[in-house]
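Lettering follows sequence order; numbering is per chain, from 1. No hydrogens, no waters, no symmetry mates; every other heavy atom, side chains included, goes into these values.
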2 protein chains.
Amino acid sequence: MNTLSYGLLALLTRGPRSGYELMQQIQPIWQAKHSQIYPLLALMEKRGFVHYVPVAQKDKPDKKVYSITGEGLDALREWVPEPTGEPVKRDEMLLKTYCIGLIGSDQARRLFEDRIQMYRGKLEKYRRMIEELGSETETAVTEGHIEHPCFGSYILLKRAVANAQSDLDWCRWVLELIHLNHIGSVEK
Amino acid sequence: MNTLSYGLLALLTRGPRSGYELMQQIQPIWQAKHSQIYPLLALMEKRGFVHYVPVAQKDKPDKKVYSITGEGLDALREWVPEPTGEPVKRDEMLLKTYCIGLIGSDQARRLFEDRIQMYRGKLEKYRRMIEELGSETETAVTEGHIEHPCFGSYILLKRAVANAQSDLDWCRWVLELIHLNHIGSVEK
DNA sequence: TTAGTCATGTAAGTGGTTACATGATTAG
DNA sequence: CTAATCATGTAACCACTTACATGACTAA
């Protein structure tokens, strides 16, 4: 049982889902491909943490709809309060930033402009997702209704927005510095 | 040549370093253990991107001091302007947050308080590192001197501080929500 | 005397990505 | 007619972690 397994169990606490749906819904929280998820689900089923019912579909391939079992819920409840591992972040951009002086300021500008575009796209996506949760959810959560089924989703989205915004602001600040440098070198 | 290799090359643009020093200095930018770095350095040496001189030490084990070669610098200059891969973040805390309703509010509080402590520690560390760079560096960088040897380090530290601060603020906000919930349930 | 730092390496195992494989339906 | 979505799976590979291994010096 690795971290991803607990992530899948966490999603299943909201109701039954197919492997395909789990694969899509885990993405914003934990990046994983279907090739990692399908074998894991099979393993978890063998160990009794989840079970599935095959569902035949017309016009679409058949699917397996998974649910969390009592055992699975117990395991999840035990795991959540345990000491949390340090977050792991890997971003090529940090390495490139470290040696940004190696390339011309025009190329450097492109690099950061591309990043800004990426963060803008993410921010829009998150804002759409918050809208989808509805304003009733928003007021319920900000009043402290932890038991609301969307509590987790909402506060995670808030965090994602704050992170993207802070990284975007940083990119803009670096662009300003590059601009200052360019002006300085022209004046010479 | 994977991403970590370019990270090591990036560090070596600042001057020669031993494998051990590289291992320590890459940590804030890219997490990697010595067991991954030493074989990589050997491979990069075989391919001509770096070379080393063995340095004998008294009172300490001997070491290999690596430098970047012309070939290595060329490879790095080619890599930096290339399209940048999406950042990967994996944080157990997000999964736990998603199903925070499963545990009691006292346990939930502990989880977030521990995190706040972690971020506080990180922030202090980053602030010490910025201090070490010196206030002359700070003014030089904020005036846009990209060519300054500490430019990359400084702007990366600024980003790390902003990230930690935004995550810390989020944790505090979640604690407030948990507190609101607790008060609400007591009044009932 | 125990733990920590410096310093390098290998071996085994886990976690994660890419590619291979199939196949029907739908939208541009 | 091409690409995307739905849906599941396996195989090979790469990236990363943990554990094994050694050894001298230093500070609590």
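- Protein atom CD of Glu21(A) is 7 Å distant from nucleotide atom P of dA7(D), rounded to whole Å.
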Report, one line per pair, each donor and acceptor closer than 3.5 Å where one atom sits in a side chain of residues 172-185 of chain B; sequence neighbours left out.
unit_1, atom_1, unit_2, atom_2, d
Ser185(B), OG, Asn181(B), O, 3.3
Ser185(B), OG, His182(B), O, 2.9

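- Across dT8(C), dG16(C), dC6(D), the shortest atom-to-atom separation from the side chain of Tyr20(B) is found for dT8(C).
- The NZ-C1' distance, from Lys63(B) to dG9(C), rounds to 17 Å in whole Å.
- Contact check of residues 24-47 of chain B against DNA chain D (heavy atom, cut-off under 4.0 Å) returns Trp30(B), Ala32(B), Lys33(B), Ser35(B), Gln36(B).
- Checking Asp62(B) against Pro61(A), the closest nucleotide of DNA chain C that is more toward the 5' end is the one next to Asp62(B).
- Taking atom CE of Met1(B) as the reference point, atom P of dA15(D) lies 11 Å away to the nearest angstrom.
- Rounded to an integer number of Å, the gap from CE of Met23(B) to C1' of dA7(C) is 8 Å.
- By the salt bridge (Lys or Arg N to Asp or Glu O under 4.0 Å) test, Asp91(A) pairs with Arg115(A), Arg159(B), sequence neighbours left out.
- In terms of the ring-ring contact (aromatic ring centres under 6.0 Å, His included) criterion, Trp30(A) has no residue partners (sequence neighbours excluded).
- Judged purely by distance below 3.5 Å, without hydrogens or angles, the side chains of Asn163(B) and Ser166(A) pair a donor atom with an acceptor atom.
- Using modelled atom types, one finds a donor on one side chain and an acceptor on the other under 3.5 Å when comparing Glu138(B) with Tyr154(B).
- Comparing Asp59(B) and Val88(A) against DNA chain D, the residue whose closest nucleotide sits nearer the 5' end is Val88(A).
- Within a 6.0 Å radius of NZ in Lys158(B), other residues, nucleotides and ligands contribute 12 heavy atoms or fewer.
- The OH atom of Tyr6(B) sits 12 Å away from the P atom of dA15(D) (whole-angstrom rounding).
- Taking atom CD of Gln57(A) as the reference point, atom P of dA7(D) lies 5 Å away to the nearest angstrom.
- Residue Arg90(B) places no side-chain N or O under 4.0 Å from the OP1 or OP2 atom of dG15(C).
- Rounded to an integer number of Å, the gap from Leu8(B) CG to dC16(D) P is 11 Å.
- When the local axes at the two ends of the helix from dT1(C)-dA28(D) to dG28(C)-dC1(D) are compared, using 5 base pairs at each end, they differ in direction by 50° after rounding to 10°.
- As rounded to whole Å, 17 Å separates atom P of dC6(D) from atom NZ of Lys58(A).
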With a cut-off of 3.5 Å and sequence neighbours excluded, list every side-chain donor-acceptor pair involving residues 75-83 of chain A.
unit_1, atom_1, unit_2, atom_2, d
Arg77(A), NE, Leu102(B), O, 3.4

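- A donor and an acceptor atom, one from each side chain of Ser18(A) and Lys64(A), are nowhere located under 3.5 Å apart.
- Leu9(A) is not listed as a side-chain neighbour of Thr13(A), based on a closest heavy-atom distance of 4.5 Å or more.
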